There are 2 protein chains.
Amino acid sequence: MEKDISTEQRIIDAARKVFIQKGMSGARMQDIADEAGINKALLHYYFRSKDKLFQIIFREAAEKLLVTVKDITGNETPLDEKITALCNRYMDVLSENPYLPLFVLHEIHQDPGRIINFFKGKNMVPQLQKFFLQIQDAVDNKQIKPISPPQLVINIISLCVFPFAASPLMQTLFDLDTWQFNLFIEERKKKLPEFILAALKPEKK
Amino acid sequence: MEKDISTEQRIIDAARKVFIQKGMSGARMQDIADEAGINKALLHYYFRSKDKLFQIIFREAAEKLLVTVKDITGNETPLDEKITALCNRYMDVLSENPYLPLFVLHEIHQDPGRIINFFKGKNMVPQLQKFFLQIQDAVDNKQIKPISPPQLVINIISLCVFPFAASPLMQTLFDLDTWQFNLFIEERKKKLPEFILAALKPEKK
DNA sequence: TAAAAGTTTAACTGTTTGGTTAATCTAAAA
DNA sequence: TTTTAGATTAACCAAACAGTTAAACTTTTA
């Protein structure tokens with residue numbers, strides 16, 4: 001009794017595409033059915049409701065965005081290496097999923113309850129606390145300039161994520177086609193860690 | 001024959017609130033009517049369609065976000081002062097309109113045509129080019145470390161805007177109430193310019 | 001092969017939604 | 001006061017929408 005995974009997967013793929021492009025409220029079940037090349041009733045056969053289907057896509061997206069951060073900040077490397085690794089890995093993830101940040105941020109804004117629910121059992125918070133401590137240690141030992149750990153974390157995330165969230169605006173404002181935008185991102189991957197580390201470099205005595 | 005501006009304004013205020021909270025596709029004309037305390041037909045009496053009403057709100061929001069940047073980058077102050085002024089003014093605007101960035105970015109993503117249309121006649125691009133030249137001059141004169149002007153501009157905007165776009169996520173992740181979030185922003189206003197200027201400080205010979 | 005179980009579809013349903021209409025209300029103009 | 005023009009509303013409409021149903025089709029099983 002082999003389950004036909006193909007249809008289910010086609011639906012997931014179609015739903016991901018449509019939801020991430022149009023958001024929960026802008027997406028139509030018919031759009032998803034068309035994209036998957038199936039009858040609309042099949043959506044309800046496999047995933048009972050629009051909301052159930054949406055939750056699967058949202059969780060998958062949130063997972064992809066947040067777990068990467070958790071993984072890298074969690075291990076035991078020195079702070080400067082960790083910052084470099086975080087920028088590199090994170091921007092790679094975002095390059096392959098450029099529309100994820102705006103989608104996730106918009107849907108969290110619509111219903112913050114989603115993300116609260118998501119965090120339960122993911123132990124993001126303790127992992128983050130450890131990273132905060134590592135930053136505070138570096139400040140106390142004068143390895144970096146004084147900075148509040150949450151501010152630094154937000155600085156790093158901002159610099160990585162924002163260009164993707166703002167990509168349609170950027171492409172218009174700077175008059176870039178997709179190819180040029182990718183060049184911009186590639187240059188950014190190289191230069192961002194040193195920008196951040198330069199900002200943190202302590203004064204020489 | 002005095003025109004009753006009050007109803008029209010009440011509709012605009014209600015529309016702004018609802019559209020910015022729920023987005024174009026999530027907003028309901030009935031919600032806006034309820035928020036304004038009037039009959040739904042009045043919306044169509046004053047502003048023919050949902051789309052017309054939305055465009056007014058969207059343009060107003062885009063104006064508020066973009067013109068501030070244009071004004072500050074446009075004048076003739078030195079680069080370091082300009083960066084400081086940009087952070088300060090921009091974060092003030094955002095503090096008073098914290099949900100504008102996510103709204104505008106989401107709606108541009110839905111329909112990039114909107115922003116292309118918006119730019120016409122606003123001469124954002126030439127103003128931006130002048131700012132790029134100023135940055136390039138500072139690089140050439142070794143006043144700041146080498147950096148591509150668009151990268152620097154995106155760095156500044158990212159660091160200012162992202163915390164607001166991500167505020168519901170931040171508040172959950174860092175477990176902040178509104179008051180604590182505001183404290184975070186106030187601290188950020190003080191420290192952000194020096195963070196950026198430190199990153200740009202050239203090596204001493 | 002027969003029947004049972006799982007998959008897929010066309011057609012349908014009830015509700016929500018943007019938008020319209022015709023009637024009523026209000027206030028200024030004559 | 002009567003008329004007239006704009007402001008406001010309740011009731012309505014057609015299209016869009018998420019979700020259902022019953023029948024047909026396909027595959028597995030006995």
Side-chain angles (χ1 to χ4, degrees), chain A residues 1-61 103 106-107 109-111 113-114 117, chain B residues 1-61 103 106-107 109-111 113-114 117:
Chain A
M1 194 188 286
E2 171 82 6
K3 201 178 177 186
D4 183 4
I5 205 80
S6 158
T7 300
E8 197 170 321
Q9 193 57 47
R10 286 231 306 283
I11 294 176
I12 295 271
D13 292 343
R16 180 169 38 237
K17 185 173 173 182
V18 173
F19 275 132
I20 287 178
Q21 188 163 98
K22 309 202 171 185
M24 166 67 173
S25 65
R28 303 285 158 246
M29 292 299 266
Q30 189 62 58
D31 296 341
I32 298 173
D34 292 348
E35 180 70 34
I38 53 150
N39 187 285
K40 181 167 68 90
L42 256 192
L43 300 181
H44 293 92
Y45 178 77
Y46 281 95
F47 309 89
R48 301 217 323 235
S49 67
K50 185 185 182 183
D51 203 71
K52 289 274 201 306
L53 185 53
F54 175 80
Q55 276 194 35
I56 291 169
I57 302 302
F58 177 80
R59 281 165 181 274
E60 180 193 273
F103 168 70
H106 179 255
E107 298 301 340
H109 180 246
Q110 295 307 303
D111 178 5
R114 286 195 220 286
N117 242 317
Chain B
M1 194 183 291
E2 170 81 7
K3 200 179 178 186
D4 183 5
I5 204 80
S6 157
T7 300
E8 198 170 320
Q9 194 56 48
R10 286 233 306 283
I11 294 176
I12 294 271
D13 292 343
R16 181 168 38 237
K17 184 172 173 183
V18 173
F19 276 132
I20 287 179
Q21 188 165 99
K22 308 203 172 183
M24 166 67 172
S25 66
R28 302 286 158 245
M29 292 298 266
Q30 189 61 59
D31 295 343
I32 298 173
D34 292 348
E35 181 70 34
I38 53 149
N39 187 284
K40 180 166 69 90
L42 256 193
L43 300 180
H44 293 94
Y45 179 78
Y46 282 95
F47 309 89
R48 301 220 320 239
S49 66
K50 184 184 182 184
D51 204 71
K52 288 274 199 306
L53 186 53
F54 175 80
Q55 276 194 34
I56 291 168
I57 302 303
F58 176 79
R59 280 165 182 276
E60 181 194 272
F103 168 70
H106 179 254
E107 297 302 340
H109 180 246
Q110 296 306 302
D111 178 4
R114 286 195 220 284
N117 242 316

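Chain naming here is simple, since letters A, B, ... match the order of the sequence lines and numbering starts at 1 in each. Small disclaimer: the values here were computed from a predicted structure and weren't measured.
Counting any heavy atom pair closer than 4.0 Å across all strands shown, B:A33 reaches no nucleic acid atom.
Comparing B:S49 and A:Y45 by the nucleotide of DNA chain C that holds the closest heavy atom to each, the one mapping nearer the 5' end is A:Y45.
In the interface, the side chain of A:K40 is paired with the base of D:dG19 through a donor and an acceptor atom under 3.5 Å apart.
At the phosphate of C:dG19, neither OP1 nor OP2 sits under 4.0 Å from any side-chain N or O atom of B:R48. Remark: A:R28 is not in phosphate contact with D:dA16, judged by side-chain N or O atoms under 4.0 Å from OP1 or OP2. Between B:T7 and D:dT8, a side-chain N or O to OP1/OP2 separation shorter than 4.0 Å is present.
Among the nucleotides D:dA18, C:dG19, D:dT8, the one closest to the side chain of B:K50 is C:dG19. Nearest nucleotide to the side chain of B:Y46, out of D:dA7, C:dT20, C:dT9: D:dA7. Of the candidates C:dT21, C:dG18, C:dT9, C:dG18 carries the atom nearest the B:M29 side chain, counting heavy atoms from C-beta on.
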Would you sort out whether B:F54 and B:F19 count as a ring pair (Phe, Tyr, Trp, His ring centres under 6.0 Å), showing the intermediate values?
-> CA-CA 7 Å; B:F54 175 80; B:F19 276 132; 5.1 Å; yes

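At distances below 3.5 Å, not a single donor-acceptor pair connects side-chain atoms of A:K17 with backbone N or O atoms of A:A36.
Residue B:I32 holds its CD1 atom at 12.0 Å from CG of B:D13, rounded to the nearest 0.5 Å.
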